[in-house]
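Report on the structure given below.
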Amino acid sequence: MDLHELLGIYMDKFGEEHGIDTATLSEDGEETLKNMVKRAISNNEPITKKELKEFFGYDPDQPNLIYWFN
């Protein structure tokens, strides 16, 4: 299953308020995100904002923005 299919299932399960906007990820980054999404779906718990901030990165000057740079 590819990342976009997994993210679709994730959105269906947890709703738009837990949506994840992705950027271009490296192969390792994509695999890590796939594993996070699979774990969330199987545990029936959305990925926390803390986990997403740790994965994508965080800019304290823009607290609502998370981002990923390869």
Side-chain angles (χ1 to χ4, degrees):
M1 188 174 302
D2 73 9
L3 179 60
H4 296 288
E5 290 173 310
L6 279 171
L7 290 175
I9 293 168
Y10 182 85
M11 290 284 289
D12 289 343
K13 188 171 188 85
F14 300 114
E16 289 185 24
E17 67 272 11
H18 294 286
I20 302 169
D21 292 325
T22 60
T24 302
L25 300 173
S26 65
E27 286 183 30
D28 289 339
E30 187 172 319
E31 193 62 34
T32 300
L33 185 56
K34 280 184 190 179
N35 291 333
M36 290 171 69
V37 171
K38 286 178 185 177
R39 187 185 74 233
I41 291 169
S42 69
N43 292 342
N44 200 32
E45 293 181 4
I47 300 168
T48 66
K49 286 185 180 183
K50 180 182 177 192
E51 289 175 298
L52 289 174
K53 286 177 182 178
E54 287 173 1
F55 176 72
F56 282 106
Y58 176 71
D59 181 350
D61 294 327
Q62 297 181 0
N64 294 320
L65 178 67
I66 53 178
Y67 56 93
W68 170 269
F69 292 103
N70 290 332

Legend entry - Student check: side-chain heavy atoms of E27 and E31 closer than 4.5 Å: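 Of all side-chain heavy-atom pairs linking E31 with E27, none is under 4.5 Å.
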
Inset, instruction - Using side-chain hydrogen bond (donor to acceptor under 3.5 Å, both in side chains) as the criterion, list what pairs up with E45, not counting sequence neighbours. - result: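 In terms of side-chain hydrogen bond (donor to acceptor under 3.5 Å, both in side chains), with neighbours along the sequence ignored, E45 is linked to no residue.
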
Legend entry - Partners passing side-chain hydrogen bond (donor to acceptor under 3.5 Å, both in side chains) against T32 (at least two apart in sequence or in another chain): none

Legend entry - Carboxylate-amine/guanidinium contact R39 E51, below 4.0 Å: yes

Inset, instruction - Starting from the C-alpha separation in whole Å, work towards a yes-or-no answer on side-chain contact (heavy atoms from CB on, under 4.5 Å) for F14 and I9. - result: CA-CA 9 Å; F14 300 114; I9 293 168; over 6 Å; no

Inset, instruction - Could you tell me the separation between the CG atom of L7 and the CG atom of L33, rounded to the nearest 0.5 Å? - result: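 Reported value, rounded in 0.5 Å steps: 5.5 Å.
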
Legend entry - Distance (rounded to the nearest 0.5 Å) between E30 CD and L6 CG: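 Reported value, rounded in 0.5 Å steps: 9.5 Å.
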
Legend entry - Minimal non-hydrogen separation, M36 against L52, with atom names: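 The pair with the smallest heavy-atom distance is CE-CD2, 4.5 Å.
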
Legend entry - Minimum heavy-atom distance between V37 and Y10, given as atom pair plus value: CG1-CB, 3.9 Å

